[in-house]
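Written out below as structure tokens is the structure these notes cover.
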Amino acid sequence: MHTIIEPFRIKMTEPLPITTRGHREAALAAARNNVFLLDAEHVTIDLLTDSGTGAMSDRQWAAMMLGDESYAGSASWRRFEKTVREITGFKHIFPTHQGRAAERILAATRLKPGDIVPNNSHFDTTRANIEYVGARAVDLLAPAGRDLYSNKRFKGNMDLSALERLIETEGAKNIPFCMITVTNNMGGGQPVSLENIRSVKELLGKHGIPLIIDACRFAENSFFIREHEPGYSDRSLLEIAKEMFSLADGATMSAKKDGLANIGGFFGCDNDSWAEDFRDLLILTEGFPTYGGLAGRDLEAIAVGLMEALDCEYQRYRHATVEYVAARLVSRDIPIVRPPGGHAIFIDAAAFCPHLTPSDYPGIGLVNALYLEGGIRAVELGSVMFGKPAASGGEIAAPHELVRLAFPRRVYTQSHFDYVIEVLDLVRRQRDRIKPYRITKQAPFLRHFTAHFAQGEIEAKRGA
Ligand code: F0G
């Protein structure tokens, strides 16, 4: 059979708001042209994030009824711990309320001002938590990953020679740990090969630097390895995931992605003294170590969800959905990052809007056009999210102006995605009308969440 079907049927439905253009114009104006500030009830297809937005299975809902809400030592904790240990093999496992809580405690307990943490690409909260304690987050993505259009596989791989140079120039003692993000969200959701993780681990091992995996999308990464890395096509996703974690000294995890849950996360590690420091701060800020800021029922949902994410049929359908949309966007001349990632499609907004410069924030223009045209919510990953103040005044633009269409898990059907394709096609044909935006209000960090924008007028592109 060529047709890959959703390996589930739908038992419960949730109405989608169908809105008019006038309604959307008023909603976006009230949200100061920032889709993060929209009320979700004004959004028809919400592709803002794949985080915590998935649909749980009947098994997960059933497991939640078994939630043991004891403060300490609950049966739900035991089931959670057993599952996480089976997948990761870590000696110490700590639940947290989401991924960034694990990052924050890891950064606070292991880093001091001036330290350096390399990663293929830091997610924004990971970077912010590292920088918050005065350390430096360095991205060392291999060159193929920086080329948006190369069809190479494993474009999330780390640049080994850059890592080697960094260790030589900065000194291993100033690098308390190195991270690898699977899949590489900030770099187009691209996977990392086991071969690359193994080589990174070998290099770090020579210098005594621990490796921490940012494991949010570990199951999607495992599927990419099964499909595209030689020698893995007959291995189960669980076996591949186990091999991946066996190369790491620890992992931070947001269960809102491949935990198929709406909230939750964890940190795991082997080192006893790391665990002790982590536990102390966890108790102070998240909760007792057997619940870590979660309800017993959340632990149950995650324990079931982690294993469902490792079901090959589920991953086959999920990846087929992303590829289905990607192929149709490419055939309509919509510039997207290739090959498509595991959880999202990333549109090159700079190429989509050739009449705009980075300082016009083309990503915001495209995001807002998608909302106004079809009630679709996407997110900018460009100079609003990553732009930096320049010493001379003004701003240093981000390396790319991307817009991410993230795919919530098990939520939208093929006709929803056909609609997304149609809206994008329409927006592309009217792209000359996409206006520049400027920021009228912003916070000192993570400004994209709360900034206010105003529309400007299109000027002739500099140098054009
Ligand atoms: N690491 C990566 C690679 C992520 O993508 C995220 C979250 C986190 C860490 C933090 O996890 O949200 O549970 O605290 N990514 C979401 C996104 C928010 O939309 O990509 P969290």
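Counting starts at 1 for both ligands and their atoms, following the listed order. Treat the numbers as computed from the prediction; the structure is a model and nothing was measured.
The distance criterion of under 3.5 Å between nitrogen or oxygen atoms is met by Gly99 with respect to ligand 1. By the 3.5 Å distance cut-off applied to N or O atoms, Thr49 is counted among the residues near ligand 1. Looking at Asn185 next to ligand 1, an N or O pair under 3.5 Å apart turns up. Checked against a 3.5 angstrom limit, the closest N/O atoms of Arg217 and ligand 1 fall inside it.
Contact annotation: Cys216 has at least one heavy atom less than 4.0 Å from an atom of ligand 1. Under a 4.0 Å heavy-atom criterion, His343 is not in contact with ligand 1. At least one heavy atom of Lys257 sits closer than 4.0 Å to an atom of ligand 1.
Listed by chain and number, the residues in a salt bridge (Lys or Arg N to Asp or Glu O under 4.0 Å) with Asp159 amount to none (sequence neighbours excluded).
The pair Lys155-Asp147 does not meet the salt-bridge criterion, since no charged nitrogen lies less than 4.0 angstrom from a carboxylate oxygen.
When only modelled atom types and interatomic distance are considered, Asn119 and Thr181 share a side-chain donor-acceptor pair under 3.5 Å. A donor-acceptor contact closer than 3.5 angstrom is absent between the side chains of Glu69 and Ser74.
Atoms of ligand 1 found under 4.0 Å from any heavy atom of Thr181 (numbered from 1 in listed order, with element): 3 (C). Heavy-atom proximity to Lys256, at under 4.0 Å, picks out these atoms of ligand 1: 13 (O).
Under the 6.0 Å cut-off for aromatic ring centres, Phe267 and Phe278 qualify, their centroids lying closer than that. Ring pair Tyr324/Phe417: centre-to-centre distance not below 6.0 Å.
Atom CG of Leu194 is separated from atom CD1 of Ile240 by 7.0 Å, given to the nearest 0.5 angstrom. Here the CD atom belonging to Gln315 is positioned 7.5 Å from the CG atom belonging to Leu310, to the nearest 0.5 angstrom.
Ser254 OG, 2.6 Å is the protein heavy atom nearest to atom 13 (O) of ligand 1. Closest protein heavy atom to atom 21 (P) of ligand 1: Gln98 NE2, 3.3 Å. Ranking the protein heavy atoms by distance from atom 12 (O) of ligand 1 puts Arg100 NH2, 2.9 Å first. The protein heavy atom nearest to atom 10 (C) of ligand 1 is Thr125 OG1, 3.6 Å. In this structure, the protein non-hydrogen atom closest to atom 1 (N) of ligand 1 is Asp214 OD2, 2.7 Å. Protein heavy atom in closest approach to atom 8 (C) of ligand 1: Phe123 CD2, 3.4 Å. Of the protein's non-hydrogen atoms, the one nearest atom 9 (C) of ligand 1 is Glu103 OE2, 3.0 Å.
Heavy atoms of His122 found under 4.0 angstrom from ligand 1: none, in either backbone or side chain.
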- Message: Between Thr413 and Glu6, is the side-chain hydrogen bond (donor to acceptor under 3.5 Å, both in side chains) condition met? List the steps.
- Response: CA-CA 8 Å; Thr413 63; Glu6 285 87 351; 5.6 Å; no

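A cation-pi contact, defined as under 6.0 Å to the ring centre and within 45° of the axis, is absent between Arg318 and Tyr314.
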